[in-house]
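Data first, discussion second: the structure below is written as structure tokens.
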Amino acid sequence: DGKTYYITNVAGLTWLAETVNGGNTFAGKTVVLEKDLDLAGMEWTPIGTSSNAFKGTFDGNGKTISNLKINGGSNSNIGLFGVTQNGEIKNLTVNNAPVSGHLNVGVVAGQPYTSKYTNIIVTGHIEVNGMTYVGGVGGKNAYADWTNITVAVDAASYVKAYSIENGNAPVAVPDFTRGHWNDVQGYRHIYSENKAATAAKAEAYTLAEREVTADMKLWELYFAVADA
């Protein structure tokens, strides 16, 4: 009908990235994933850019995309989706994903922006590295509803932001959903709206800079800077 597209193989998913990044935003259209896909560690180009965001609905249809790999280098907006806007990503599992970039780095989306994210699962082993604005699911700017987001990764998985402030060393970020760095009252600050996931991860980290105490909100973790 011209409004629904079906993806059955890796070539189809690659076509979607190339088409969106080339200027077709898929606004008002739906893309349905028909089969589980194994990207087999191929270098992935994110779907959607800052100038050509994905604006449609991507329905994962309960299927899994495995072995996503992105070495974004100095590029930003890194994830399965680079930038999404005014649409929805739903019913999708991503399993195993080492992804890296500069700003706005996440397994599912670098910059979710104004698209909804519903019934999203991240599993297996993930490694997320970036300068700042990094998260296990999404990176920066999530302004629409996130519903039923599940992160069930192995114990060796991590999310790291390599921000350096005032000459201080990088700090591992115990946030497996989404987050960003800010200066708040002299402290580094990581924020996540998924309180339960962040609280659970906080228990596994020793924060040498400052202890997590009962009066702190566990989903707002503060890291002291040396000269605060």
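All values below were derived from every heavy atom in this structure, side-chain atoms included, with hydrogens, water molecules and symmetry-related copies excluded. Residue numbers run from 1 in the order of the sequence given.
Contact between Ser157 and His125 at its shortest, heavy atoms only, is OG-CA, 3.4 Å. The minimum heavy-atom distance between Pro46 and Gly79, with the atom names listed, is CB-O, 3.2 Å. Between Val128 and Val134, the closest heavy-atom pair is CG1-CB, 4.3 Å. Of all non-hydrogen atoms in Ala144 and Ser115, the two that sit nearest each other are CB-O, 3.4 Å. Taking both residues in full, the closest heavy atoms of Glu34 and Lys63 are given as O-CE, 3.2 Å, listed atom of the first, atom of the second, then distance. A pairwise comparison of heavy atoms in Pro98 and Leu68 identifies CD-O, 3.0 Å as the closest pair.
Within 6.0 Å of NZ on Lys116 lie no more than 12 heavy atoms contributed by other residues, nucleotides or ligands. For Lys69, the NZ atom sits in a loose shell: 12 or fewer heavy atoms of surrounding residues, nucleotides or ligands are nearer than 6.0 Å.
Here the OG1-NZ distance, from Thr64 to Lys35, works out to 15.0 Å after rounding to the nearest 0.5 Å. The CG atom of Leu92 lies 10.5 Å from the CG atom of Asn61; values are rounded to the nearest 0.5 Å. Distance check: Ile89 CD1 to Thr57 OG1 gives 7.5 Å after rounding to the nearest 0.5 Å. For the atom pair OG1 of Thr114 and CG of Asn86, the computed distance is 3.5 Å after rounding to the nearest 0.5 Å. Distance check, rounded to the nearest 0.5 Å: CD1 of Ile149 to OG1 of Thr118 gives 7.0 Å. Gln85 contributes atom CD, which lies 11.0 Å from atom OG of Ser50 (distance to the nearest 0.5 angstrom).
Between the side chains of Thr84 and Gln111, no donor N or O sits under 3.5 Å from an acceptor N or O. Residues Asp59 and Asn91 bring a donor and an acceptor atom of their side chains to less than 3.5 Å of each other. Using modelled atom types and a 3.5 Å distance limit, the side chains of Asn24 and Thr19 yield no donor-acceptor pair.
Between Trp15 and Phe26, the two ring planes are perpendicular [angle over 60°; tilted spans 30° to 60°].
When each of Tyr143, Phe58, Trp146 is paired with Tyr117, the ring-ring contact (aromatic ring centres under 6.0 Å, His included) condition holds for Trp146 and for no other.
At a threshold of 4.5 Å between side-chain heavy atoms, the hydrophobic network of Ile, Leu, Val, Met, Phe, Trp and Tyr places Phe54 and Val83 in two separate groups.
Judged purely by atom type and a 3.5 angstrom limit, Asn21 uses its side chain to pair as donor or acceptor with the backbone of Gly48.
Val108 has its side chain within reach of Val122: a pair of non-hydrogen atoms, C-beta onward, lies under 4.5 Å apart.
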